[in-house]
Amino acid sequence: MKKIAIKLMEWGVSFNYENHNSNGEEIICIDMSIEIKTYQGQLFFEFEGDKEELEETEKNFTYLCDMIEKIMIAETSSF
């Protein structure tokens, strides 16, 4: 989750973070309609109603960071 939080901070996006101890972690970015949660080795990503469930691996955290990067570029582009 640290990678994702850093990516959001790089883009200057505000978000809420909660640590639920053994029940995982959660990042909610209300302005961008992004929710990311971890629970029992699973990683849950939701953006504008689209949901994705992945295994909680370093590779998938990197994948989500790349997705967030693309979302931020699309949201800040003036096209």
Euclidean distance, Phe45 CZ relative to Ile34 CD1, rounded to 0.5 Å: 5.0 Å
Below 4.5 Å, heavy atoms only, C-beta onward: do Lys51 and Phe44 meet side chain to side chain? no
Euclidean distance, Leu64 CG relative to Ile4 CD1, rounded to 0.5 Å: 5.0 Å
Check: Glu55 main-chain N/O paired with Asn60 side-chain donor or acceptor under 3.5 Å: yes
With a 4.5 Å cut-off on side-chain heavy atoms, are Trp11 and Thr76 touching? yes
Under a 3.5 Å cutoff, is there a donor and acceptor pairing between the side chains of Tyr63 and Glu52? yes
Heavy-atom closest pair (Cys29 atom, Ser14 atom, distance to 0.1 Å) is SG-O, 3.3 Å
Minimum side-chain heavy-atom gap Ile68-Val13 below 4.5 Å: no
Answer yes or no: is there an ion pair linking Lys37 with Glu35, defined by an N-O contact shorter than 4.0 Å? yes
Taking atom NZ of Lys2 and atom CD1 of Ile27, what is their separation to the nearest 0.5 Å? 12.5 Å
Distance from Ile28 atom CD1 to Met32 atom CE, nearest 0.5 Å? 15.0 Å
Rounded to the nearest 0.5 angstrom, the CE-CD distance for Met1 and Glu56 is 8.0 Å
Donor + acceptor pair across side chains of Glu26, His20 (<3.5 Å): yes
Atom pair CD/OG of Glu75 and Ser33 - distance to nearest 0.5 Å: 8.0 Å
Verify same cluster id: Met67, Met9 (apolar side-chain graph, 4.5 Å): yes
Heavy-atom pair of closest approach, residues Leu8 and Met72: CD2-CE, 4.2 Å
For the pair Thr38 (side chain) and Glu25 (backbone), establish whether a donor and an acceptor sit closer than 3.5 Å, ignoring hydrogens and angles. yes
